[in-house]
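Take a look at the structure set out below.
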Number of protein chains: 2
Amino acid sequence: MRALIDLQKKLVPDLLQVMQKRYAILHSVKNLQPIGRRGLAENTKLTERFVRGEIDFLNEQGLIDITTKGMLITNEGILILEQLTQFMNEIMGLNVLEKQLRETLQIKDVIVVPGNSDEHDWVKQELGKACVAYLKRVVTDDSSIAVTGGTTMAAVASVMTPLERAANYLFVPARGGIGEKVENQANTIAAEMARKSNGEYRLLYVPDPISETSYQSIINEPSINEVLQLIKGASVVLHGIGDALTMASRRKTPESILTDLQKKKAVSEAFGYYFDQDGTVVHKVRTVGIQLEDLETIEYVITVAGGKSKGQAIASYFKQGKSDLLITDEAAAMEILRDYSL
Amino acid sequence: MRALIDLQKKLVPDLLQVMQKRYAILHSVKNLQPIGRRGLAENTKLTERFVRGEIDFLNEQGLIDITTKGMLITNEGILILEQLTQFMNEIMGLNVLEKQLRETLQIKDVIVVPGNSDEHDWVKQELGKACVAYLKRVVTDDSSIAVTGGTTMAAVASVMTPLERAANYLFVPARGGIGEKVENQANTIAAEMARKSNGEYRLLYVPDPISETSYQSIINEPSINEVLQLIKGASVVLHGIGDALTMASRRKTPESILTDLQKKKAVSEAFGYYFDQDGTVVHKVRTVGIQLEDLETIEYVITVAGGKSKGQAIASYFKQGKSDLLITDEAAAMEILRDYSL
DNA sequence: CCATGCGGGACTTTATTTGACCCATATGAA
DNA sequence: TTCATATGGGTCAAATAAAGTCCCGCATGG
């Protein structure tokens, strides 16, 4: 729906304005009914002639009845008005949220989709769709796209379609894998995205996390080094944000470190870095793949995360992390703004 | 999105035509590029002056480039065109499917939502939304709405909102309950729908299926009889369609009957009736609630079912069953049409 | 009965659209 | 290189639509 609105803004810029105008008139008729044309004109500060044109139209469409008593809204008019109210609230409200988040987080762009990923799976799908639409805009020939794992990234993969304006693009995982939930692994997700979008992919067969000793030896492996160069040279990085403790236990973090994360009040995790509420890195695991400092040289860093329960994790990441675009949902957006106002 | 387009059709029909016109021009430029204004005018059967106004607009919007060689579409123009093509195909394609289904199934109305419920949860949510929108149109004061169980009905309940144009409406379960998956039970769903829509509800505490002996005694219970009258007197019946064998095992059907259903090639189940591929009832269990013959006197029978895997079950039901409206998804629609062409 | 509000009719002025053609420049083929 | 043709920008007059305002018969309510 957001995509359709943006499309219409390009193609028929005044469409939304006309729609809003007719909504306002319909709304006034409902509130003031029965009301005559002149009363309505005076009330809405519009000219009589203009109001007349609009009410003639609305009458033809069956949304109002014109009587000698004055104009009345029809049942269908009420229904349309309700739907329109919902829709207007949605668009307007989301635009306000986006603006607030852009300013609060100091990032270039924010896309907010309606709903709460914690409650409805379709919201995650909408996050995914918004992300795919953005990729279609920024991915060019020979681009590399590094993607992390996670359920939100899996949702992006599930709605992926061909990026028609680019050729020869390549998906790579942003980090290695662990032994759990193969469908949420960066490797699996990269492969799925590539398959669905008719792109190429390379995989990274490295355990994550990895010990310092193994790290030093494994990054010298030619096959690993080759993929790693592609990963570090990606023009687009697509990542989610996890809840710190959830991610830590998912990644089989030792008990002592789990306790440490709790003590240090770790809130979020991304790329193997754990952030507290103020965005301070309180722990880092050794990973093969994208490091936090690599993001500075990435052309487009896209963060996709939603759900009310993720709000604070997202807020904590953004106090430190680099991102060009946040794609989130309404519930998380509210929570982020709440966090920043504390 | 369907809702938004329908809304716009009512409110700004003229501007939707402008949109389609600009789409057509953009499409022609892409196909014929590089093309001059006069060539385009001739090709589209529009006047030069008109084409000029439109191309000036499209140029200002950055969707085409105007060169001495002729006009070319920009990258952004291609993107907009693709997205718009997708939307147009979706809307147009769905309209075609709906028409085909209306004619094939011989029913008054069909609503097809995009996607496949088997693959994406959001498609079920869209089925639910379409259903709620329809209820808002047909439910009047003091209506009774009888609802069956099932995951699709649960999805309807999950997106239910107040039916603002009606007052004092009542949700009732169309049949009793079994001991499994409380959230998919007709009773639970009726209660949830009532809660979310600020309506009333009555529950039916009767096992389903029920033996003939118990049936005869239980329908004489005043409290049961009272609810049963409400159920049979409902003006709206909302029901799903199940896969026969899945439903039978879910309802703890004895092994001998399961074998019988398999032998008789039962395909679908609704209201305790099992239908084979030709729509013949091959088995019936005793239920307290709506019977198949009761549907003849119900004002609005709404069938909600989707998913490719359900296509044949839906097709089988419609060879016999009564329905005023089918709300389904694209994947099921194709499968139904396929079934009917065999 | 009378005052007031209603919607439909209508008029004049202003703005925009519309269709067609002109002209300088660019392009492509011979 | 030349020439024919197509290009886009400019322009004009006529047609149409928009815009604002007021008139008038009828309906409504006090």
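Naming convention: chains lettered A, B, ... in sequence-line order (proteins, then strands); numbering from 1 in each chain. Values below: every heavy atom of this structure, side chains too, minus hydrogens, waters and symmetry copies.
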[X] [atom1] to [N] [atom2], straight-line distance once rounded to whole Å:
{"X": "B/Phe50", "N": "C/dT17", "atom1": "CZ", "atom2": "P", "value": "11 Å"}
{"X": "B/Arg38", "N": "C/dT18", "atom1": "CZ", "atom2": "C1'", "value": "16 Å"}
{"X": "B/Glu54", "N": "C/dT16", "atom1": "CD", "atom2": "C1'", "value": "14 Å"}
{"X": "B/Asp56", "N": "C/dT18", "atom1": "CG", "atom2": "P", "value": "13 Å"}
{"X": "A/Ile55", "N": "C/dG7", "atom1": "CD1", "atom2": "P", "value": "6 Å"}
{"X": "A/Glu48", "N": "C/dG5", "atom1": "CD", "atom2": "P", "value": "13 Å"}
{"X": "A/Ile64", "N": "C/dC6", "atom1": "CD1", "atom2": "P", "value": "13 Å"}
{"X": "A/Arg49", "N": "C/dG7", "atom1": "CZ", "atom2": "C1'", "value": "12 Å"}

| message | Under 4.0 Å, counting only non-hydrogen atoms across every strand here, what does B/Leu46 touch: a base, just sugar-phosphate, or nothing? | response |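 No contact.
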### Query
Which part of the nucleic acid, if any, lies within reach of A/Ile35 when heavy atoms closer than 4.0 Å are counted: base, sugar-phosphate only, or nothing?
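Sugar-phosphate: the residue A/Ile35, judged by heavy atoms under 4.0 Å, touches backbone atoms but no base.
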Between the base of C/dG19 and the side chain of B/Arg52, is there a donor and acceptor pair under 3.5 angstrom?
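Flag unset: no donor-acceptor pair detected.
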[X]-[Y] side chain donor-acceptor pair, cut-off 3.5 Å:
{"X": "B/Tyr169", "Y": "B/Thr140", "value": "no"}
{"X": "A/Lys136", "Y": "A/Thr161", "value": "yes"}
{"X": "B/Asp141", "Y": "B/Asn168", "value": "no"}

With the criterion being N/O to N/O and under 3.5 Å, what pairs connect the protein with nucleotides 27-30 of chain C, and how long is each?
from, atom 1, to, atom 2, distance (Å)
C/dT27, OP1, B/Thr68, OG1, 3.1

* Show your working on salt bridge (charged side-chain N to carboxylate O under 4.0 Å, His left out) between A/Glu48 and A/Arg37 and close with a plain yes or no. => CA-CA 7 Å; A/Glu48 189 199 326; A/Arg37 176 178 83 209; 2.8 Å; yes
DNA chain D: first to last nucleotide in contact with chain B (atom under 4.0 angstrom from a heavy atom), 5' to 3', is D/dT7 to D/dT11
Pair A/Arg22 + B/Asp14, salt bridge at N-O below 4.0 Å:
yes
Mind checking whether [X] and [Y] have side chains closer than 4.5 Å, heavy atoms only?
{"X": "B/Leu84", "Y": "B/Met19", "answer": "yes"}
{"X": "A/Lys9", "Y": "A/Leu16", "answer": "yes"}
{"X": "A/Phe57", "Y": "A/Arg52", "answer": "no"}

Review point. A/Gln61 and A/Glu76: side-chain hydrogen bond (donor to acceptor under 3.5 Å, both in side chains), yes or no, with the steps?
Key: CA-CA 9 Å; A/Gln61 294 295 95; A/Glu76 192 178 8; over 6 Å; no
